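Excluded from the calculations below are hydrogen atoms, water molecules and symmetry mates; all remaining heavy atoms, backbone and side chain alike, are included. Note that the coordinates shown come from a computational prediction; the quantities given were computed from them, not determined experimentally.
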Amino acid sequence: MPKFLHVKNCNQLVSDNNSRDRDRYVQGDYRFRYGYCKHNPRKMVKTWAEKEMRNLMRLKAAGIRCPTPLLLRLHVLVMEFIGKAGWAAPRLKDAALSLDKLRECYVEMIVAMRTLYQKCKLVHGDLSEYNILYYEGHLYIIDVSQAVDLDHPHALDFLREDCIHVSDFFRKHGVAVMTIRELFDFIVDPTITDGSVDSYLEEVQQKILARGDMSVEDEIADSVFVQTYIPKTLDHVKNVEEDVIRITSGKDTGDLYYKTITGLKEALPKDQSSPVEKQQGDTNTRPVEGSMGNPSGHSNSQESESEAESPSGSETDGDEENLSGSEDKGPLSDRSAQVDKKAARKENKKKVKEEKREARKTKVPKAVKKRKKKLAKAHKTR
């Protein structure tokens, strides 16, 4: 056990934090479905401390540098002290680092953010230069009590906020950084393996150097991306058929933000060059379009994918002569099937509502149930 320990009182932490800010992280988290009380936040401090300890254990298991949790008693968490001889390590905000060291720290941090998302299945939610310690040449992530799981309804919003905070800090100190969308795609892209991370970052670095300083269009594209809703799965996409038609017709697909996170890039042909390779040396291309690759090449790859998924492209039909005709009818049949599904869902909802309405007619009020329980209990004690 280390000589110096850090003791964190989550009771004090919860009383200091703004209740409205805390609600953003708690609401929607299944770990607080029973232990959260808006009117008395002190009732939740025990669950809050347990959550931070479990999050720290996930980070440690994934190899991310963070304080080691040692002991948890009620709302008090004892963890490893990051520092030397009783002096705490400085925050990244207060650390005096050279430009070269800041570049190394930027790469280390974005890799840690990707590991946190891909392996720990967490989003920090409040990552900035204030919650990162610099100690012995490396960065340590702290304050993970508010970190949320990937199934949290606001997980992607928190991730984009983390990307903004990290990018803003390093950009202010002269480091050439990715755009918000490029960093977001790097973190959530499931097709990047651990062995290809270094090569991917080298390609991105060459692209950044060729692009130079961010233009006004780049900043506008980032602001649009930050405020846009991003579906987590294809089930959350409202009109998939329309997007497929756009892709197959060769139209601009730069605003299809869900392509990376849904794993759609994995369906691209292996011999096709990566989006970063396509944009090397092209300084006039916007980052939003750049991360999606060459529009013409992108449409070809998506067209091959849509043909593989559509009924006309399946091998079971065996009718290769009428392939073009079946492709034209494919979207219409898909739309009619979608209309049928919506009608079936609507009918099912109506049926469920009627059943619940009938059940409420014979429902016993809670007050009557409690009164019966009390009378039965009093009768037993007699």
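Residues Met57 and Pro69 share a closest heavy-atom pair of CG-CG, 3.8 Å. In terms of heavy-atom proximity, Lys119 sits nearest to Ala62 at CB-CB, 4.2 Å. The two residues Ile132 and Leu139 make their nearest non-hydrogen contact at CG2-CB, 3.8 Å. Annotation for Asp143 and Glu52: closest pair CA-OE2, 4.0 Å, computed over non-hydrogen atoms. What you find for Pro67 and Glu80 is that their closest heavy atoms are CB-O, 3.7 Å. Closest heavy-atom contact between Leu150 and Ala155: O-CB, 3.7 Å.
Looking only at side-chain heavy atoms (C-beta outward), Asn131 and Leu92 stay at 4.5 Å or farther from each other. For the pair Met113 and Met109, the minimum side-chain heavy-atom distance is below 4.5 Å. Using a 4.5 Å heavy-atom threshold, the side chains of Val197 and Ile192 count as touching.
Judged as a side-chain contact (heavy atoms from CB on, under 4.5 Å), and not counting sequence neighbours, Asp213 has no contacts. Applying the side-chain contact (heavy atoms from CB on, under 4.5 Å) criterion to Gln118, with sequence neighbours excluded, gives Arg114. Lys101 is linked by a side-chain contact (heavy atoms from CB on, under 4.5 Å) to Leu97, Ser98, Glu104, Cys105, Tyr134, counting only residues two or more places apart in sequence or in another chain. Evaluation of the side-chain contact (heavy atoms from CB on, under 4.5 Å) rule for Leu133 yields Ile82, Ala89, Arg91, Tyr140, Ile142 as partners, not counting sequence neighbours.
Among residues at least two apart or in separate chains, salt bridge (charged side-chain N to carboxylate O under 4.0 Å, His left out) pairs with a member in residues 354-370 are Glu358-Lys361. Within the structure, the side-chain hydrogen bond (donor to acceptor under 3.5 Å, both in side chains) test picks out the following pairs touching residues 162-177 (sequence neighbours left out): Asp168-Arg171.
The distance from the CG atom of Asp198 to the CD atom of Glu203 is 11.5 Å, given to the nearest 0.5 Å. A distance of 8.0 Å separates OG1 of Thr191 from OH of Tyr200, quoted to the nearest 0.5 Å.
Panel note: side chain Glu129, backbone Lys93; no donor-acceptor pair is recorded below 3.5 Å. For Asp94 (side chain) and Pro90 (main-chain N/O), no donor-acceptor pair under 3.5 Å exists by modelled atom type. Of the possible polar contacts, one joining the Tyr135 side chain to the Gly83 backbone as a donor-acceptor pair under 3.5 Å is found.
Ring geometry, Phe158 versus His152: the interplanar angle falls from 30° to 60°, so the pair is classed tilted.
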Derivation of the side-chain contact (heavy atoms from CB on, under 4.5 Å) call for Ile64 and Lys60 | CA-CA 6 Å; Ile64 299 176; Lys60 272 294 179 183; over 6 Å; no
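A cation-pi arrangement is absent between Lys84 and Trp87, since the terminal nitrogen or guanidinium carbon is not both under 6.0 Å from the aromatic centre and inside a 45° cone about the axis.
Ser199 and Ser196 are not linked by any side-chain donor-acceptor pair at a separation below 3.5 angstrom, with hydrogens and angles left out of the test.
Here Glu50 pairs with Lys46 in a salt bridge; the nearest charged N to carboxylate O distance falls below 4.0 Å.
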